[in-house]
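What follows is a single structure, written as structure tokens, with notes after it.
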Amino acid sequence: MMKHRVLVAALAASAAFVAAVPAAAQVAGIATINTMEVITRAKAFTTAESQLDTTFKPVRDQIQARQTKFQTDARALIGTIDTNKDGQVSEAEEQAAAARKDPNYTQLMTLQNQANEEIQKLQMPSILAELFAFEKLLQLYDAAQISVVNARKVNVILSPEAIVYAPDAVDISDAVVAELDKTPTVSITPPANWQPQQRTVQFQQQVNELKRRAYQLAAQRAQQQQQQGAAAAPGAAAPAARPAAPATKPAKPEPR
């Protein structure tokens, strides 16, 4: 449920821009809708996310353990490639190790490829389950949108970004959410040999990107609050004039 709350917070932030320029109004048969916001607000989306978290938690724990094992196994090898001993493997150091056919680099790449293959196999069932749930949600969304369009005699639907000004009544998002919520759950169990539509894959990528941004924003806010708390604490040391620049590459490669 935490993941869903964070995602909803990110969507609310993005919706603030749309609200600043009124999202839509059903004027002369014209309406607007924020598809991503509507689907992620639906009860079926929330329920599916919760079911996926619960069902695949053991698998995600396995993935985390495998990533940790790779990092442990790779630590000594990374140290040999880090020639300037700054605690990071730069692109130049990686290229140099590959060019001289460093056996440690070759072994590191072998370990990383093995870890990637194992993690991908572990991830596949949960990825397919999520895609199946999303495809069902998209089908429900299509039906809900058509129902609202017919009920309100809408002739044209525009994206919020395409509207410079319109009264709030043009936005049919809430109406479509209400229609969607008539079906509060979807299955997360795909049949054998099921394959997702391209539209579903694209939707999953959009959801994942929203989650990534939401977690990044949450992490930044948490860091800011921590820094503010430290600065306000009695006897706290004065902050540095300039924070250290973030590393351009991680100190060690991780499975992709």
Side-chain angles (χ1 to χ4, degrees), residues 2-4 6-7 45 48-83 85-138 186-216 218-219 246-256:
M2 178 59 71
K3 294 202 309 190
H4 179 69
V6 174
L7 177 57
F45 178 88
E49 288 282 287
S50 179
Q51 289 176 332
L52 289 165
D53 283 344
T54 301
T55 302
F56 293 101
K57 184 183 185 304
V59 176
R60 287 167 182 164
D61 290 343
Q62 282 183 272
I63 292 171
Q64 181 62 48
R66 186 63 184 89
Q67 289 173 332
T68 301
K69 182 179 185 303
F70 166 75
Q71 292 166 2
T72 301
D73 294 343
R75 190 170 294 119
L77 297 170
I78 290 171
T80 66
I81 300 170
D82 177 21
T83 53
K85 305 304 177 185
D86 65 349
Q88 301 179 36
V89 176
S90 67
E91 185 175 351
E93 288 171 332
E94 188 173 346
Q95 290 175 348
R100 67 176 179 266
K101 298 182 180 180
D102 187 328
N104 290 323
Y105 177 76
T106 302
Q107 186 179 354
L108 178 62
M109 292 298 98
T110 299
L111 288 175
Q112 180 169 295
N113 290 336
Q114 289 174 345
N116 282 341
E117 289 177 6
E118 292 179 26
I119 288 172
Q120 287 172 3
K121 288 180 181 178
L122 288 169
Q123 286 177 328
M124 190 53 63
S126 64
I127 291 173
L128 284 174
E130 183 176 63
L131 283 166
F132 186 70
F134 285 173
E135 192 153 299
K136 293 299 181 183
L137 278 163
L138 288 168
V186 293
S187 174
I188 63 170
T189 307
N193 302 319
W194 176 84
Q195 292 296 322
Q197 297 176 4
Q198 183 61 34
R199 175 195 184 193
T200 308
V201 175
Q202 292 173 345
F203 178 78
Q204 185 190 51
Q205 292 170 347
Q206 292 171 344
V207 170
N208 288 340
E209 177 61 16
L210 277 175
K211 289 179 180 178
R212 186 191 67 79
R213 292 180 183 177
Y215 286 126
Q216 190 175 54
T248 56
K249 291 191 68 178
K252 50 185 178 293
E254 297 185 6
R256 301 200 254 299

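We number each residue from 1, following the sequence as shown.
- Across every non-hydrogen atom of L52 and S126, the tightest pair is CD2-O, 4.5 Å.
- Atom CD in E135 sits 8.0 Å away from atom CG in L131 (nearest 0.5 Å).
- Salt bridge status for R212 with E209: present, with a side-chain N to carboxylate O gap under 4.0 Å.
- In this structure, a donor-acceptor pair under 3.5 Å is absent between the side chains of Q206 and Q202.
- A search for salt bridge (Lys or Arg N to Asp or Glu O under 4.0 Å) contacts involving E130 returns K211, not counting sequence neighbours.
- Judged by distance alone, with hydrogens and angles left aside, the side-chain atoms of T54 form no donor-acceptor pair with the main-chain N or O of Q51 at under 3.5 Å.
- Between T200 and P196, the closest heavy-atom pair is CB-CB, 4.3 Å.
- Taking the six-membered ring where tryptophan is involved, the planes of F134 and F45 are essentially parallel, since the angle between them stays under 30° and well short of 60°.
- Salt-bridge check for D61 with K57: passed, with a basic side-chain N closer than 4.0 Å to an acidic carboxylate O.
- Closest approach of Q204 to I127, counting heavy atoms only: NE2-O, 3.7 Å.
- Nearest heavy atoms, P190 versus L128: CG-O, 4.1 Å.
- In this structure, OG1 on T72 lies 11.5 Å from CD on Q67, to the nearest 0.5 angstrom.
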Under 3.5 Å, which donor-acceptor pairs link side chains of residues 76-83 to any protein atom two or more places apart or in another chain?
residue, atom, partner, partner atom, Å
T80, OG1, L77, O, 2.6
T80, OG1, N104, ND2, 3.3
D82, OD1, K85, N, 3.3
D82, OD1, D86, N, 3.4
D82, OD2, D86, N, 3.3
D82, OD2, G87, N, 2.8
T83, OG1, E93, OE2, 3.4

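- Taking CD of Q123 as the start and CZ of R66 as the end, the distance is 12.5 Å to the nearest 0.5 Å.
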